[in-house]
Amino acid sequence: MHGILRKMLVMHDKPVRYELPVGEDQVSVNALLGHHLHLRHTGKIFCIQCGRKTQKSFQQGYCFPCYRRLGECNLCMIHPERCKHGEGNCTPDDWVHASCMVPHIVYLANSSGLKVGITRQSQMPTRWIDQGAIQALPIFSTLNRFQAGIVEVALKKYVADKTNWRLMLSQANAKIDLVAERDRLLQEASAAIDKVRSEFPEESITLLNDQTVLEFLYPVIEYPEKIRVLNLEKATSGISGRLMGIKGQYLIFNDGVMNIRKYGGYEISLGEGCCG
């Protein structure tokens with residue numbers, strides 16, 4: 001199989017089902033568990049937005065002009081509390097407007113441990129699966145990304161906001177009582193939350209009292225004892241190994257792990273066996 005690589009598509013099932021887009025095809029990755037695979041980079045990279053050939057990929061798949069031009073590559077995508085929506089730079093037909101000026105969720109998740117994060121309401125539960133979370137619990141809804149970012153900043157003084165991806169890939173995490181953690185966090189951060197909510201109209205930020213914790217099971221035969229990163233660009237003969245699991249956007253091989261999302265736009269060949 002030959003074509004341009006994209007991030008894996010995910011379906012919330014038990015376990016999570018993964019499909020890997022390679023060119024026009026979509027490969028059922030779950031069906032390849034336990035098989036020996038070979039991935040080789042042809043040396044060509046194409047922008048996932050405009051399709052042009054590029055020498056280097058920026059921000060997981062963009063050419064430099066698209067990286068400079070597109071709203072999805074702005075710094076406020078990483079720091080939503082810095083959103084400049086109030087300056088009138090987002091037109092109604094702009095990607096940023098469609099992606100940021102829509103309902104968002106502030107959540108707690110258990111990926112490498114307890115963390116707080118935000119996502120578009122429409123991205124549940126994809127966002128949590130992409131992070132390799134085994135549990136997630138929405139705690140606030142907001143009218144837009146900027147508001148969610150402000151709430152997240154207030155909460156991350158009391159809880160982590162990053163995933164330790166090495167830890168996430170090295171073990172099956174122990175479950176956490178997310179409802180209890182939510183109640184503890186809301187109590188500890190009550191003053192900060194009240195201050196944030198007072199800065200916006202009353203209906204802008206809503207506390208969610210749902211007790212339902214979403215849980216995710218990943219297709220993993222065996223977790224690696226030591227994390228070794230497999231680099232598709234530096235592996236001149238390609239990456240070969242027995243597929244031992246899939247978690248987040250990572251393929252777990254018997255001798256290392258590969259971040260599929262990092263290689264969006266890379267042209268590859270994929271086959272079974274040591275030589276593809």
Side-chain angles (χ1 to χ4, degrees), residues 1-42 44-51 57 59-62 72 99 109 111 117 119-136 163 165 168-169 172-173 214-224 229-233 235 238-276:
M1 190 171 296
H2 180 275
I4 297 171
L5 198 62
R6 295 283 190 132
K7 64 165 283 192
M8 289 184 284
L9 306 175
V10 302
M11 286 128 279
H12 186 196
D13 208 339
K14 295 185 178 180
V16 172
R17 288 187 291 122
Y18 285 90
E19 291 188 357
L20 178 65
V22 180
E24 299 298 319
D25 298 309
Q26 291 184 6
V27 182
S28 172
V29 191
N30 295 54
L32 298 175
L33 276 175
H35 293 225
H36 200 287
L37 304 182
H38 181 83
L39 295 91
R40 184 181 65 83
H41 179 214
T42 66
K44 298 178 181 179
I45 306 173
F46 298 89
C47 177
I48 61 173
Q49 173 67 26
C50 70
S57 176
Q59 204 157 316
Q60 300 176 333
Y62 299 95
E72 51 262 60
S99 300
S111 47
T119 188
R120 294 196 304 274
Q121 188 171 299
S122 61
Q123 280 295 95
M124 299 187 298
T126 300
R127 174 63 172 166
W128 301 320
I129 294 172
D130 282 349
Q131 290 182 340
I134 65 167
Q135 297 169 282
T163 296
W165 64 269
M168 181 270 289
L169 291 172
N173 299 52
L214 287 84
E215 297 190 350
F216 309 97
L217 177 66
Y218 295 90
V220 179
I221 298 172
E222 183 177 290
Y223 285 93
V229 178
L230 301 175
N231 190 315
L232 189 61
E233 279 190 298
I239 291 174
S240 293
R242 186 182 177 209
L243 184 63
M244 303 302 291
I246 315 114
K247 193 174 184 183
Q249 282 289 324
Y250 286 84
L251 298 183
I252 303 172
F253 291 95
N254 60 301
D255 63 344
V257 301
M258 177 183 171
N259 181 358
I260 290 294
R261 196 162 194 168
K262 177 181 178 181
Y263 298 105
Y266 281 59
E267 187 181 64
I268 69 157
S269 62
L270 170 66
E272 293 190 50
C274 63
C275 299

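Bear in mind the structure is a predicted one, so any value in this text is a computation, not a measurement.
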At their closest point, which heavy atom of [X] faces which heavy atom of [Y], and how far apart are they?
{"X": "Ile48", "Y": "Gly265", "answer": "CG2-N, 3.5 Å"}
{"X": "Thr163", "Y": "Gln131", "answer": "CG2-O, 4.1 Å"}
{"X": "Gly264", "Y": "Ser57", "answer": "O-OG, 4.1 Å"}
{"X": "Pro125", "Y": "Leu214", "answer": "CB-CD2, 4.5 Å"}

Within the 4.5 Å heavy-atom criterion, are [X] and [Y] side-chain neighbours or not?
{"X": "Val27", "Y": "Met8", "value": "no"}
{"X": "Val229", "Y": "Trp165", "value": "yes"}
{"X": "Ile260", "Y": "Tyr250", "value": "no"}
{"X": "Leu5", "Y": "Leu20", "value": "yes"}
{"X": "Pro224", "Y": "Met244", "value": "no"}
{"X": "Glu222", "Y": "Asn254", "value": "no"}
{"X": "Ile4", "Y": "Tyr263", "value": "no"}
{"X": "Asp130", "Y": "Arg261", "value": "yes"}

Hey, does the side chain of [X] reach the backbone of [Y] with a donor-acceptor pair shorter than 3.5 angstrom?
{"X": "His2", "Y": "Glu267", "result": "no"}
{"X": "Lys247", "Y": "Met168", "result": "yes"}
{"X": "Arg242", "Y": "His35", "result": "no"}

His38 side chain to Ser240 side chain, donor-acceptor N/O pair below 3.5 angstrom: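 Looking only at side-chain atoms, Ser240 and His38 do form a donor-acceptor pair, the distance falling under 3.5 Å.
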Verdict with reasoning, Trp128 to His12, per side chain to side chain contact (heavy atoms under 4.5 Å, CB included): CA-CA 10 Å; Trp128 301 320; His12 186 196; over 6 Å; no
Ile129, Leu9, Leu33, Asp13 screened by side chain to side chain contact (heavy atoms under 4.5 Å, CB included) with Tyr18, the one that passes: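 Result: among Ile129, Leu9, Leu33, Asp13, Ile129 is the only option passing the side chain to side chain contact (heavy atoms under 4.5 Å, CB included) with Tyr18.
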Spacing of [atom1] belonging to [X] relative to [atom2] belonging to [Y], to within rounding of 0.5 Å:
{"X": "Gln249", "Y": "Met258", "atom1": "CD", "atom2": "CE", "answer": "11.0 Å"}
{"X": "Leu230", "Y": "Asn259", "atom1": "CG", "atom2": "CG", "answer": "11.0 Å"}
{"X": "Asp25", "Y": "Leu270", "atom1": "CG", "atom2": "CG", "answer": "10.0 Å"}
{"X": "Leu251", "Y": "Leu39", "atom1": "CG", "atom2": "CG", "answer": "7.0 Å"}
{"X": "Gln26", "Y": "Met1", "atom1": "CD", "atom2": "CE", "answer": "10.5 Å"}
{"X": "Leu169", "Y": "Ile246", "atom1": "CG", "atom2": "CD1", "answer": "12.0 Å"}

Gln123, CD: over 12 other non-hydrogen atoms inside 6.0 angstrom: yes
Whether Phe216 and Tyr218 hold their rings parallel, tilted or perpendicular, with breakpoints at 30° and 60°: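 Geometry flag for Tyr218 against Phe216: tilted rings.
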Worked verdict on Arg40 versus Ile268 for side chain to side chain contact (heavy atoms under 4.5 Å, CB included): CA-CA 5 Å; Arg40 184 181 65 83; Ile268 69 157; over 6 Å; no
Test side chain to side chain contact (heavy atoms under 4.5 Å, CB included) applied to His41 and Ile239, step by step: CA-CA 9 Å; His41 179 214; Ile239 291 174; over 6 Å; no
